[in-house]
Amino acid sequence: MSESASTGIGPDSCTAGIPKAYEPQAVEEKWYAFWEKEGCFTANADSPKPAYSIVIPPPNVTGVLHMGHVLNNTIQDILARKARMDGKEVLWLPGTDHAGIATQAVVEKTLRKEGKMKHRDDLGREKFLEHVWAWKEKHGGIIIQQLKKLGCSCDWSRLRFTMDPEYSRCVQKVFVELYKKGLIYRGKRMVNWDPAARTALSDEEVEMTETKGHLWHLKYPMLDAAGQPIPDQFVIVATTRPETMLGDEAVAVNPKDERYTRLVGTKVLLPLQNKPIPIIADDFVDPKFGTGCVKVTPAHDPNDYAMATRHHLPLTVVIGPDGRMTNEAGGGFAGLDRAEARKAVVEQLEKLGLLLKVEDYVHNVGHSQRSGVPIEPYLSEQWFLKYPAVESSTKAVEEARIAFHPDRWAKTYSHWMTNLRDWCISRQLWWGHRVPVWYKKSEIRNPKSEIRAADIYCGMEPPPDPENWEQDPDVLDTWFSSWLWPFATMGWPETTPTLKKFYPTTDLVTGPDIIFFWVARMIMAGYEFMGDLPFRNVYFTGIIRDKLGRKMSKSLGNSPDPLELIAKYGADALRFGTMRSAPLGQDVLFDEKDVELGRNFCNKLWNACRFRQMQGGEVQGEMNPALLTSDDKWILLRLDRAIREINAAYAEYHFNEIAQTLYRFFWSEYCDWYVEAAKAPLQSASPAQKANTLAVMDFVLSHTLRLFHPCLPFISEELWHGMGYSADMPEAQGGKSILFAPWPKPLSDAEKETWGLDDAADQLAAAKYDLVGLGRNWRREFNLPANKKLHFVLKPAGPLAAPEVEVLRLLLNAEQIRVDPGYNPPQGTPRVANSLGELYLPLTGLIDFAAERARLTKELEKARAEVAKVREKLDNPQFTQKVPPKVLEEHQKRLADWQAKVNQVEQSLANLPA
RNA sequence: GCGCGCUUAGCUCAGUGGAAGAGCACUUCCUUCACACGGAAGGGGCCGCAGGUUCAAGUCCUGCAGCGCGCACCA
C-alpha cells in the first residue's frame, strides 16, 4: 500500500524513519480522501446484504460544528462503521435543515448591519430571499466539510437539504393531503407571538422561565347606576402586566364569591382610558387568589380571551405585532415599546393615586426559544394541524417496537402524546416552505371575518387561473418539513429502491431536547405517510456542558471549537475522548483533558505497533500451539474477554463502556503486561519461538485494530495497512479498507482448546505478574532507584520453566534471578511469596527494615481483616444454606486465598531481624 | 403542583444483589534500545441522610435533604 509510505509506518519502512509520536493530520486527510474516492460510504440499494440505516439529524445549513454535533455524529459514525464490519449494507444519510427562524434572523441581522435594509419589507420578499439563498450558498457547505474532518462516513452522494425542490414537493404534498383530510385547518386563535421575530410560534418553542417580577395592585373606581364614580369606592385588581390594562374590557369575580355578588352587573371606570367596563362573574376566577378580582384583557391573555368569548366582550388590541403599543392604547402610549409602556402606565396610575401597592413576585414567563424575548399572547389567524396517527405512534413506543435508549424518555414521550394540542404550523417568515394555499382575490380580506372554504384553494400546483388568486404569504414551521426526514430524503413519494431497502431506518441518534419537536412528529409522519415506524431505536445523547456544568454557549465563550481540537489532537483523539466520558443518557462535562487522553491513547497504539514493526519480519499468520507461552495464552484470553465485553456494550449502546474496555485492554493488559513480558522471548529465544511471539502480537493487533476502528477510524486504517494486515484479506473484507474488515468474534471453545487457553496458563501468568508487583514494591520501600539492577533469589513452589523466570527477570528489571529450590535465606532477607513461590532480595545492610516491617504489618492487618470478613459469612448457617453454590465456592476460595496471604506475610515478617 | 434525573476518591464519572473502580490531579523513583503524549510503585472513599427487604445492599423498596431538567393557564 503506497499510502503508508508518507506517514512512516509500514512493513518496508526502516525503524529510524517511523515517527516516535503519532501525527494525525496527514493521516486523517489521506484516508478520508481515499474513502471518498473509493466510494466506501456509498450505500447500494441493490445489495443482498441486510440493511442498516441512519438518517442524520440535519444540522442548520448555515451552522458550524459544535461539541453537541461531535457527540451526536461520533456516535452515529461508530454505529455505521460497526454495522459495515458486521456485514451490513449501510446507509448513513446526511443532510442539512433550512432552519427558518434562525437563518432568516441571521441574514436579516447581517443585511441591517451592512445597511442594505432596515426591515425586510424594504427589500420585498423576492429580493430578500435572493439574499438568503446567497447566504446559504456561501455558508451552507461549511458544516458538511466539518463533519468530514470528524471522520463521518455519511453517504454524501445522497446529501439532502430540506429546501431541495423534491423535498419541497414532499412538504407540499403532505400539507395538501392533511388539509383535504381536514386535519389542517385555518383558525383565529390566541397564539404564542414572538414580537422580535414577528411570527407565531408553536407551544414547544416557548420556554417558561422563572422571572422576578412584580404584582401591581390597581384601583378601579366603581361607578353608580348613572355611570358616575362613587367616591372612595374601588375594586382592586392585581396584575403582573399593568400595560395590558389599557385593553381591559371587564373585571371578573367568581360567581360564588359572596364578597362581590352584589357588584356583578355594575361597572367600574377603567383608568387612563376613562372607559366604563362591566364586572362579570366567571368560574375561572379563583376567589382565594389575591383580591378575588381579575382584570380581563381579552386580546392579550389566553384565559381572558376565553372569558371574553363566554361573555361576548369586545377585543381591544393595545399591543401590536411588533411589541409596540397601538393607537387604541391611547395617545400617551401609542408607539411605546411594551416595556416602556409598563413604566408609563404605572407612573400615571401612581400620579392618579390608583396604584395601591407593588409586591415582588416570582412567576413563570414564556420566552421565545429563538429570540429570547417574552412571548406575547396574540390573536391572529394561523394554520393548525391536528396530529395524525396518534394512537399507533403512542403504542409503538409504549410497546417498545420503537425502543428508546435510555428508556425513561418513553414516559416523557407518552405524557406528551396523550396531551397533544394542535400544532400551529404557520410562520410569518419568508424563508421556508410557503403555505400551498391561495385565496380568491375578489374576496376582500377583512381581518375580522374568516375566509369561506370555497374561496380557499389548496394544492401542489398554483390554481389554473392564478391571476384571480393570491397565495398565503406565510411559510411553514421548519419542523413541518423535518418531520418527513426519514422518508422524504429517500425519494418518497416514489417507491425508490433506496426507500425499499433502507426504510424503516435502524437507529436514530438525537438529543432529548427535541423529543417533541422532531422525534414524536417523525413517528407520527412515519405511520401516517409510510404506514410504518420510521426507526427502531432512538439513542438520546446527553447535553455537552463545560467542566463547571454550564451549558455551552457562544455568549459564555465556554464552547471549544471542535476543529481547533481536531487540529491540535486529531479527530480520533476528539472522538475517543468524547466517547469515553459520555455515559448513556447523562450530560457530558467536557474537559479538554479528555481529548488529551484520546491523543495519548492513539500515541500508545501507534507506538505499540511501532514496537511490533521494529521486531522486523513479515506478518506472522499461524500461531503454533506448542510454542505458546503462558503470557501468550493470558493475552489471548484477555482479548477474548474484551471482545465479549465490547459486543455486550454495543448491544446496549453503552459507548463509554466500549471506550473504557478498549482502553483497559490495550493499555493496561496488552501494553503494560503482555508487551513487556513478550520482550523476553523476543530478546533471547529461538527464531521459531520469536516468530511465534510475533504471530501472537499480529493476531492480537489485527483484532485490536478492528475493535478500534469504529471509534478511531483514521489511525486504525493507517495501521491496518501499515502493519500489513490488509494484505491477507479479501478485497471486499478488509483488503481495501479496514472499513469492511469482519468484526472480531470471541474465541470459540475449539480455538481455546487448540491453543490450550485454560485456567492453568491463565493463573500462571497472573501469579507471575502478581509476584512482579510485590517485587517492584521493594524499590520504593527501600529507596532503590528504578534503574538499579538487582539480584533476586526465587524459591519456586513447584516446577517453573526457565522462560517464565526470564519473564520475571525482565519485568523486575533484575540483573539476575537465581532459582534455588533449597534456598535457605539468612535472617533478615526481604521476602514476598505467592502461589508461584518465594522471592527474596538478599540486600542485607541496605535495607530500611522498619519501613518493611510497617508495610508488611499493614498488609497483614488487611489480610486478616479480609479473612475475618469472609469467615464471618461462612460461619453463618443462613449464608451457607441459602447462597447459590457458585457464590459459596467463591467465598471458600477467597478464604483460602486470604489465609494463604496471611501465612505468607507472617513468614515474611518472621524473616525480618527482630 | 406533577414527573424525571443526579448525589461514590481532591475533580469528572463508571459500577443495578455477592470481595469499593477508572481517568485526571497528588507523592516518590526512573530519560532502561515502542511510547516522557512514557514506565514503576504509592497515598486517598461512614458509596447524600434515615429507615426497610435480604443470608448478603453503593446496587432493591420507603421516606428526607440538596442540585439539575422537563411538563403545568392561576391574575
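Side chains are part of it too, since the values below use all heavy atoms of this structure and drop only hydrogens, waters and symmetry mates. A, B, ... follow the sequence lines: proteins, then strands. Residue 1 opens every chain.
- At the heavy-atom level, A:Trp898 lies under 4.0 Å from base atoms of the strands shown.
- With both ends at atom P, the span from B:C4 to B:U12 equals 26 Å, rounded to whole Å.
- If you find the closest nucleotide of RNA chain B to A:Arg599 and to A:Glu781, the one lying nearer the 5' end belongs to A:Arg599.
- If you check every strand for non-hydrogen atoms under 4.0 Å, A:Pro785 touches sugar and phosphate atoms only.
- Among the protein residues, A:Arg776 comes within range of the sugar-phosphate backbone only, with heavy atoms under 4.0 Å from sugar or phosphate atoms but none that close to a base.
- Which of B:A72, B:C29, B:G3 sits closest to the side chain of A:Lys411 comes down to B:G3.
- Counting distance only, with no hydrogens placed and no angle test, the side-chain atoms of A:Lys679 and the base atoms of B:A34 include a donor-acceptor pair under 3.5 Å.
- In this structure, A:Tyr305 has its ring center at least 6.0 angstrom away from the ring center of A:His300.
- Heavy atoms of A:Asp286 sit under 4.0 angstrom from at least one base atom.
- The two residues A:Ile715 and A:Asp572 have their closest heavy-atom pair at N-OD2, 2.8 Å.
- Within the nucleic acid shown, A:Val285 comes within 4.0 Å of at least one base atom, counting heavy atoms only.
- Atom P of nucleotide B:G39 and atom CG of A:Leu811 are separated by 14 Å, given to the nearest angstrom.
- Taking the six-membered ring wherever Trp is involved, the centroid distance between the rings of A:Trp673 and A:Tyr769 falls below 6.0 Å.
- For a distance-only test at 3.5 Å, the side chain of A:Trp606 fails to qualify as a donor-acceptor partner of the base of B:A34.
- Side-chain proximity of A:Trp667 to B:G18, B:A34, B:G39: nearest is B:G39.
- Checked against B:C37, B:G18, B:A40, the side chain of A:Ala21 finds its nearest nucleotide in B:C37.
- Across all strands shown, A:Tyr569 has no heavy atoms under 4.0 Å from either base or sugar-phosphate atoms.
- Using bins of under 30°, 30° to 60° and over 60° for the plane-to-plane angle, the ring pair A:Phe540/A:Trp409 lands in the tilted bin.
- Residue contacts shown for A:Asn364 include a base, since a base heavy atom lies under 4.0 Å away.
- A:Lys886 comes within contact range of no nucleotide atom at all, as no heavy-atom separation falls under 4.0 Å.
- Taking the six-membered ring where tryptophan is involved, the planes of A:Phe655 and A:Tyr653 are perpendicular, since the angle between them exceeds 60° and thus also 30°.
- Within the 4.0 angstrom heavy-atom criterion, base atoms lie near A:Val675.
- A donor and an acceptor atom sit less than 3.5 Å apart, one in the side chain of A:Glu676 and one in the base of B:A34.
- Between the P atoms of B:G48 and B:A14, the separation comes to 13 Å (whole Å).
- No hydrogens or angles were tested; on distance alone, a donor-acceptor pair under 3.5 Å links the side chain of A:Lys604 to the base of B:C35.
- When heavy atoms are screened at a 4.0 angstrom cut-off, A:Cys602 is found touching no nucleic acid atom at all.
- As judged by a 4.0 angstrom heavy-atom cut-off over every strand, A:Tyr670 is placed among residues making no nucleic acid contact.
- Contact annotation for A:Asn303: base contact, defined as any heavy-atom pair under 4.0 Å involving a base atom.
- When heavy atoms are screened at a 4.0 angstrom cut-off, A:Lys295 is found touching no nucleic acid atom at all.
- Annotation: B:G43 and B:C24 have their C1' atoms spaced 16 Å apart (nearest Å).
- In this structure, A:Pro877 reaches neither bases nor backbone, as no heavy-atom distance under 4.0 Å exists between it and the strands shown.
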